[in-house]
Amino acid sequence: MLFLDALSAALPTDRIVLDPDVMRAYARDQAAWAPAGAPIALVKARDADQVRALVAICAEHGVPIVPRGAGTGLSGGANAVDGCVLLALDGMDRILEIDPAEQLAVVQPGVVNDHLRAAVAEHGLWYPPDPASSPWSTIGGNTATNAGGVCCVKYGVTRDYVLGMKVVTGRGELVTLGRRTRKGVAGYDLAGLFVGSEGTLGVITEITVRLLRLPDSPQKTVVGAFDSLVTAGEAVAATAAAGITPSALELVDRYCLRAVDE
Ligand SMILES: Cc1cc2nc3c(=O)[nH]c(=O)nc-3n(C[C@H](O)[C@H](O)[C@H](O)COP(=O)(O)OP(=O)(O)OC[C@H]3O[C@@H](n4cnc5c(N)ncnc54)[C@H](O)[C@@H]3O)c2cc1C
């Protein structure tokens, strides 16, 4: 059977997009410099079974798959290669579980970072990884890129919060990796291996993340003005040497300040 016939037979037709204009809109991320090829199809998956069916057909026909979250990546990782199927996971956007007692959440990969943060905040909980793209980027994309933002020095990056995941492997098998517990010492850290793998090892279809309690004390902001980068850097080193770990440190140069003022 030809590839597109096999695809249509295995997936609901409303999940398959062949319109070149629509496919073009999905064919690259935010890295304008990175090359992007021409996909043969775009599949908008709704669940892990559809991902599994797609991967099995692609494996049989030797067709590459490029998974994609929100396409906010800055490295071209979600860019199409010629002849690939683009697999859009932004439609798998349900928060499946928030467990305040265990301080964890289970989400589909297309859940937007800020949506997860808002949902867990209603339970007094906090998901710390905060890439500046958090209003748009997905937990699946954050996991596949090991995203981290300004809070990472104090609170860590995505890798520090992923406990486990479900993944469709290159053979189309759905496997469960990692754990739901705080302590995890047994066996190979295969979930950890998938964090930062940029879609090269398989397709992540579910993620279990660790949560913290929302901080009680109000945050305090301190602003300092420095004559040079060197003195600003010395202030950072002195802060660390004094045993203070700020939740975020941001250097804003005069050009940015001027732009903000304007
Ligand atoms: C304005 C802006 C600010 C940003 N700030 C930050 C920042 O502070 N910190 C930071 O780390 N990054 C930042 N980024 C980069 C980007 O937002 C992150 O890399 C983000 O994690 C990508 O998420 P996404 O959902 O857009 O994934 P995409 O860009 O769609 O995909 C990223 C990679 O993950 C793979 N992938 C996506 N979903 C899956 C899945 N379910 N299974 C397997 N592989 C998958 C893709 O194939 C690709 O390789 C920023 C980007 C922008 C545009």
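Order of listing sets the numbers, starting from 1, for every ligand and every atom in it. In what follows, every heavy atom counts, from backbone to side chain, and hydrogens, waters and symmetry copies are set aside.
- Distance CZ/Phe194 to OG1/Thr200: 8.0 Å, rounded to 0.5 Å.
- The distance criterion of under 3.5 Å between nitrogen or oxygen atoms is not met by Arg68 with respect to ligand 1.
- Any N or O atom pair closer than 3.5 Å counts here, and Val203 shares no such pair with ligand 1.
- Given atom 34 (O) of ligand 1, the protein heavy atom at minimum distance is Ala144 CB, 3.2 Å.
- Within the listing of ligand 1, atoms 43 (C), 44 (N) sit less than 4.0 angstrom from a heavy atom of Gly199.
- Val157 pairs with exactly one of Val195, Val162, Asn146, Thr145 by the side-chain contact (heavy atoms from CB on, under 4.5 Å) rule, that one being Asn146.
- Near Gly69, meaning under 4.0 Å from one of its heavy atoms, ligand 1 places the atoms 25 (O), 28 (P), 30 (O), 37 (C), 38 (N).
- Backbone and side-chain nitrogen or oxygen atoms of Ile204 are examined, and one is located within less than 3.5 angstrom of a nitrogen or oxygen of ligand 1.
- Annotation: atom 31 (O) of ligand 1 to nearest protein heavy atom, Ala78 CB, 3.9 Å.
- You'll find the side chain of Leu74 stays beyond 4.5 Å of the side chain of Asp29, heavy atoms only.
- Of the residues Asp114, Asn113, Asn142, the one that meets the side-chain hydrogen bond (donor to acceptor under 3.5 Å, both in side chains) test with Ser134 is Asp114.
- The shortest N/O to N/O separation between Pro131 and ligand 1 does not fall below 3.5 Å.
- To the nearest 0.5 Å, atoms CG (Leu11) and CD1 (Ile57) are separated by 5.5 Å.
- The single protein non-hydrogen atom nearest to atom 43 (C) of ligand 1 is Gly202 O, 3.5 Å, given as residue, atom name and distance.
- Residue-to-ligand polar distances place Pro67 within reach of ligand 1: an N/O pair is separated by less than 3.5 Å.
- Within a 6.0 Å sphere centred on CG of Asp227, other residues, nucleotides and ligands contribute 12 heavy atoms or fewer.
- Ligand 1 has an N or O atom lying under 3.5 Å from an N or O atom of Thr145, backbone or side chain.
- Each of the atoms 41 (N) of ligand 1 lies under 4.0 Å from some heavy atom of Pro109.
- Leu174 places a side-chain heavy atom less than 4.5 Å from the side chain of Lys166.
- Close approach of ligand 1 to Leu89 (heavy-atom distance below 4.0 Å) involves ligand atoms 40 (C), 41 (N).
- When each of Arg180, Met165, Glu97 is tested with Thr208 by the rule side-chain contact (heavy atoms from CB on, under 4.5 Å), just one qualifies, namely Arg180.
- The heavy atom nearest to atom 9 (N) of ligand 1, out of those in Gly196, Gly148, Gly77, is found in Gly148.
- With hydrogens left out, the protein atom closest to atom 33 (C) of ligand 1 is Glu198 OE1, 3.3 Å, a heavy atom.
- The side-chain heavy atoms of Thr138 and Met92, taken from C-beta on, include no pair separated by under 4.5 Å.
- Considering backbone and side-chain N/O atoms, Ala147 never comes within less than 3.5 Å of an N/O atom of ligand 1.
- Protein heavy atom closest to atom 29 (O) of ligand 1, with residue, atom name and distance, is Gly73 N, 2.8 Å.
- In this structure, Arg254 places its CZ atom where only 12 or fewer heavy-atom neighbours from other residues, nucleotides or ligands lie under 6.0 Å away.
- Here the straight-line distance linking atom NE2 of His115 with atom CZ of Arg94 works out to 16.0 Å at 0.5 Å rounding.
- For atom 8 (O) of ligand 1, the nearest non-hydrogen atom of the protein is Ala132 N, 2.9 Å.
- The shortest N/O to N/O separation between Trp136 and ligand 1 does not fall below 3.5 Å.
- Other members of a hydrophobic cluster containing Val185 are absent, since no ILVMFWY side chain comes under 4.5 Å of it, directly or through relayed contacts.
- Ligand 1 has a nitrogen or oxygen under 3.5 angstrom from a nitrogen or oxygen of Thr138.
- In terms of N/O distances under 3.5 Å, ligand 1 is approached by Asn142.
- Remark: minimum distance from atom 3 (C) of ligand 1 to any protein heavy atom is reached at Ser133 N, 3.7 Å.
- Gly141 CA, 3.4 Å is the protein heavy atom nearest to atom 27 (O) of ligand 1.
- Residue contacts with ligand 1: Gly110 is excluded, as none of its non-hydrogen atoms falls under 4.0 Å.
- The two atoms that bring Gln103 and Leu125 nearest to each other are CG-CD2, 3.8 Å, heavy atoms only.
- The pair Asp261-Arg258 fails the salt-bridge criterion, with no side-chain N (NZ, NE, NH1 or NH2) lying under 4.0 Å from an Asp/Glu carboxylate O.
- Listed by atom number, the atoms of ligand 1 under 4.0 Å from Thr72 heavy atoms are 15 (C), 16 (C), 17 (O), 20 (C), 22 (C), 23 (O), 24 (P), 26 (O), 29 (O), 51 (C), 52 (C), 53 (C).
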Does Thr231 form a side-chain hydrogen bond (donor to acceptor under 3.5 Å, both in side chains) with Ser228? I'd like the steps, not just the answer.
CA-CA 5 Å; Thr231 50; Ser228 72; 3.2 Å; yes

